[in-house]
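These notes concern the structure reproduced below.
The structure presented is a predicted model; accordingly, all values stated were derived computationally and were not measured.
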Amino acid sequence: MLVECKKKVYSILANTKKGVKMETKLFKSKMALFGDTAVSLAKCLGIHRLTLSEKINGKSDFKQSEINFFINHWSLTASEVVQIFFNEV
């Protein structure tokens with residue numbers, strides 16, 4: 001499933017001509033839906049809570065491995081991955 005999701009995401013991104021940004025509200029809604037906190041997610045990702053906060057707020061980018069974690073943890077579809085992490089500006 002992860003490989004198929006990645007292929008769909010890459011295909012969608014290839015057709016994106018504008019810049020991309022993090023969709024903070026959608027990300028936080030997924031956190032709430034799954035009962036996650038910044039502290040718990042940072043621990044799972046092996047990063048500091050403040051580093052996660054910067055990523056959520058678009059001040060730095062998520063690594064591919066971190067996005068893969070969310071794909072698995074939240075069972076994200078390719079469309080959801082693009083909406084959350086690669087939203088067109």
Side-chain angles (χ1 to χ4, degrees):
M1 179 177 143
L2 181 60
V3 172
E4 183 180 319
C5 185
K6 282 184 185 179
K7 287 180 183 177
K8 287 181 183 178
V9 169
Y10 294 142
S11 173
I12 293 168
L13 289 176
N15 295 318
T16 302
K17 296 180 180 170
K18 299 179 182 180
V20 294
K21 69 172 187 137
M22 171 76 182
E23 185 56 55
T24 303
K25 289 181 183 179
L26 187 53
F27 184 92
K28 289 181 178 180
S29 72
K30 285 290 185 184
M31 283 179 64
L33 180 65
F34 284 85
D36 291 321
T37 65
V39 172
S40 67
L41 289 176
K43 187 173 183 177
C44 289
L45 294 169
I47 61 177
H48 194 277
R49 181 190 57 79
L50 295 176
T51 303
L52 178 61
S53 178
E54 289 178 351
K55 292 175 185 237
I56 293 171
N57 292 307
K59 294 181 179 169
S60 65
D61 295 327
F62 281 96
K63 295 178 184 176
Q64 182 177 354
S65 61
E66 294 165 340
I67 294 172
N68 288 340
F69 166 79
F70 292 112
I71 290 170
N72 291 318
H73 184 65
W74 293 338
S75 300
L76 298 176
T77 64
S79 177
E80 289 174 315
V81 172
V82 171
Q83 287 175 329
I84 294 170
F85 298 101
F86 307 103
N87 194 24
E88 289 187 48
V89 177

Which pair of heavy atoms, one from [X] and one from [Y], lies closest together, and at what distance?
X	Y	value
D61	E66	O-OE1, 4.4 Å
L52	A42	CD2-N, 3.7 Å
E80	L76	OE1-CA, 3.3 Å

Atom [atom1] in [X], atom [atom2] in [Y]: separation rounded to 0.5 Å?
X	Y	atom1	atom2	result
M31	H73	CE	NE2	9.0 Å
E54	R49	CD	CZ	10.5 Å
F62	F70	CZ	CZ	4.5 Å
F34	S40	CZ	OG	12.5 Å
K43	D36	NZ	CG	13.5 Å

*Does N87 reach the side chain of M22, with side-chain heavy atoms less than 4.5 Å apart?*
no
*Determine, step by step, whether I67 and F86 satisfy the side-chain contact (heavy atoms from CB on, under 4.5 Å) criterion, reporting the C-alpha distance in whole Å, the side-chain angles of both residues, the deciding distance to 0.1 Å, and the verdict.*
CA-CA 11 Å; I67 294 172; F86 307 103; 3.8 Å; yes
*In the single-linkage hydrophobic clustering (I, L, V, M, F, W, Y; side-chain heavy atoms under 4.5 Å), do L33 and L41 co-cluster?*
yes
*Please assess F27 against W74 for the test side-chain contact (heavy atoms from CB on, under 4.5 Å), listing each intermediate value before the final yes or no.*
CA-CA 10 Å; F27 184 92; W74 293 338; 3.7 Å; yes
